[in-house]
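Input: a single structure, listed below in structure tokens.
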Amino acid sequence: MANTQQLEDITTQVRRDILRMVHKVNSGHPGGSLGCAEFLVTLYNEIMDRKDGFDMDGIGEDLFFLSNGHISPVYYSVLARAGYFSVDELNTFRIINTRLQGHPTTHEGLPGIRIASGSLGQGMSVALGAAQAKKLNGCKHVIYSLHGDGELQEGQNWEAIMYAAGKNVDNIIATIDLNGQQIDGSTDTVLPMGSIKGKFEAFGWTVLEIEKGNNVDAILKGMAEAKSLTGKGKPVCVLLKTVMGNGVDFMMHTHAWHGKAPNDAQLATGLAQNAETLGDY
């Protein structure tokens with residue numbers, strides 16, 4: 001069990017990992033990765049019931065599916081820091097023949113990766129399949145998934161959202177990274193979606209909101225409540241209100257760093273704002 005300070009220390013180190021990985025190869029997606037760092041660190045180090053080691057069957061444990069696969073830097077860092085593979089392997093991010101490709105893939109055999117993601121809108125469907133498999137196997141564990149708010153503009157999500165409620169898939173917690181930004185601008189500029197909460201509720205989901213989505217204690221409290229609502233006949237959605245680029249001041253509150261790497265000076269500035277806690281790779 002990790003306490004709040006330990007989770008915050010891991011998060012700070014993960015932010016350093018993200019910046020250094022993307023800077024080294026001058027490519028990748030730091031904005032959304034930084035915004036989800038607290039959530040994924042807390043999920044893997046405190047919330048999920050995980051077994052030691054990794055296998056694709058995932059029997060007897062909670063499972064996680066990343067739908068918005070472009071935030072691979074944070075995903076790889078969290079997996080490595082959680083012990084799925086060597087932290088040193090972060091050095092190979094986006095280098096030819098690496099297991100740490102720009103978007104996660106399964107054919108590389110990287111521990112922790114359960115689906116190839118990058119084409120947006122597909123993660124909800126996969127998560128629902130896993131949730132139903134858990135039910136068929138008589139397993140009481142929970143399926144977690146993460147989706148971008150802009151990603152909800154993809155139609156397949158809504159087929160899956162409708163299916164989940166219609167089939168009473170109540171062992172899934174789908175978290176929406178509600179940062180209001182996507183690759184071409186704010187979500188309200190690209191395609192206003194109105195009330196996402198209202199839409200999920202209209203489709204038959206139970207919806208919770210975590211107002212401080214970059215606060216570890218708020219995440220712990222909100223996700224504990226979400227888990228308490230599973231098994232009650234309805235799927236659960238968590239609206240996680242985050243800041244894109246969180247923890248690096250010049251990357252925050254803008255879509256500009258969705259898929260842009262920092263230069264040398266910007267890297268130094270970002271690292272200065274996030275002191276080394278667990279040791280750099």
Side-chain angles (χ1 to χ4, degrees), residues 1-3 5-118 123 144-146 216 247-248 259 261-262 264 267-268 270-271 274-281:
M1 302 288 285
N3 60 38
Q5 187 59 57
Q6 289 171 323
L7 293 171
E8 290 175 349
D9 286 346
I10 298 170
T11 299
T12 301
Q13 189 64 52
V14 165
R15 283 199 288 263
R16 290 180 65 87
D17 292 346
I18 293 165
L19 293 169
R20 295 178 65 236
M21 290 162 68
V22 173
H23 168 265
K24 179 178 178 179
V25 291
N26 196 32
S27 66
H29 297 79
S33 292
L34 290 165
C36 289
E38 289 88 354
F39 173 73
L40 285 173
V41 165
T42 305
L43 186 72
Y44 269 88
N45 291 278
E46 187 64 24
I47 297 168
M48 283 203 302
D49 180 11
R50 302 189 290 115
K51 297 186 301 188
D52 291 335
F54 175 77
D55 62 71
M56 288 297 284
D57 290 334
I59 295 172
E61 63 178 332
D62 295 340
L63 303 181
F64 171 74
F65 294 93
L66 176 66
S67 188
N68 49 331
H70 56 274
I71 64 168
S72 62
V74 67
Y75 195 24
Y76 294 148
S77 173
V78 168
L79 288 174
R81 298 285 174 183
Y84 282 90
F85 54 88
S86 171
V87 172
D88 290 341
E89 194 166 352
L90 297 178
N91 269 308
T92 70
F93 176 67
R94 278 184 174 245
I95 292 175
I96 192 168
N97 296 323
T98 182
R99 298 197 297 177
L100 278 60
Q101 296 191 18
H103 294 79
T105 63
T106 52
H107 72 271
E108 300 291 350
L110 186 66
I113 305 298
R114 298 190 179 278
I115 61 169
S117 54
Y144 294 89
S145 60
L146 179 64
V216 168
V248 180
D264 291 351
L267 173 67
L271 293 179
N274 292 277
E276 188 175 353
T277 55
L278 306 182
D280 290 333
Y281 60 84

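- Side-chain atoms of L90 and F85, non-hydrogen and from C-beta on, do get closer than 4.5 Å to each other.
- D9 and Q5 share a donor-acceptor pair across their side chains, judged by distance under 3.5 Å alone.
- Residues L146 and Y75 form no side-chain contact, since every pair of their non-hydrogen atoms from C-beta on lies 4.5 Å or further apart.
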Legend entry - Working for side chain to side chain contact (heavy atoms under 4.5 Å, CB included), residues R20 and L271: CA-CA 9 Å; R20 295 178 65 236; L271 293 179; 4.0 Å; yes
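- The main-chain N or O of V248 is never found under 3.5 Å from a side-chain atom of R15 such that the two would form a donor-acceptor pair.
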Inset, instruction - In sequence, state the C-alpha distance, the side-chain angles, and the governing distance for R114 and F54, and then conclude on side chain to side chain contact (heavy atoms under 4.5 Å, CB included). - result: CA-CA 10 Å; R114 298 190 179 278; F54 175 77; 3.5 Å; yes
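- Rounded to the nearest 0.5 Å, atoms CG (D88) and CG (D280) are 11.5 Å apart.
- The two residues A116 and T106 come nearest to each other via the heavy atoms N-CG2, 3.7 Å.
- With values rounded to the nearest 0.5 angstrom, N274 atom CG is found 9.0 Å from I18 atom CD1.
- The minimum heavy-atom distance linking A80 with S86 is given by the pair CB-O, 4.3 Å.
- Counting only heavy atoms from C-beta outward, the side chains of R81 and D17 approach each other to under 4.5 Å.
- Between atom CD of residue E46 and atom CG of residue N3 there is a gap of 8.5 Å, rounded to the nearest 0.5 Å.
- None of L110, N91, T92, V25 except one satisfies the side-chain contact (heavy atoms from CB on, under 4.5 Å) rule with T98; the exception is T92.
- At least one side-chain heavy atom of P262 sits under 4.5 Å from a side-chain heavy atom of V22.
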Inset, instruction - Apply side chain to side chain contact (heavy atoms under 4.5 Å, CB included) to the pair V41 and E38, showing each step before the final yes or no. - result: CA-CA 5 Å; V41 165; E38 289 88 354; 6.0 Å; no
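- Between Q13 and T277, the closest heavy-atom pair is OE1-N, 2.9 Å.
- Residues meeting the side-chain contact (heavy atoms from CB on, under 4.5 Å) test with A268, sequence neighbours left out: none.
- With sequence neighbours left out, the salt bridge (Lys or Arg N to Asp or Glu O under 4.0 Å) criterion links D55 to K51.
- You'll find the side chain of I113 reaches within 4.5 Å of the side chain of Y76, heavy atoms only.
- A cation-pi geometry, defined here as NZ or CZ lying under 6.0 Å from the six-membered ring centre and within 45° of its normal, does not hold between R50 and Y44.
- Side-chain contact between Q101 and H107: present, with at least one pair of heavy atoms (C-beta onward) separated by less than 4.5 Å.
- Taken to the nearest 0.5 Å, the NZ atom of K24 stands 14.0 Å off from the CZ atom of R94.
- Nearest heavy atom pair, residue N26 against residue A261, reads OD1-CB, 3.5 Å.
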Can you list, pair by pair, the side-chain donor-acceptor contacts under 3.5 Å of residues 62-74, counting residues two or more places apart and other chains?
unit_1 : atom_1 : unit_2 : atom_2 : d
D62    : OD1    : V142   : N      : 2.8
D62    : OD2    : D49    : N      : 2.9
S67    : OG     : G123   : N      : 3.0
S67    : OG     : E151   : OE2    : 2.4
S72    : OG     : G102   : O      : 2.6

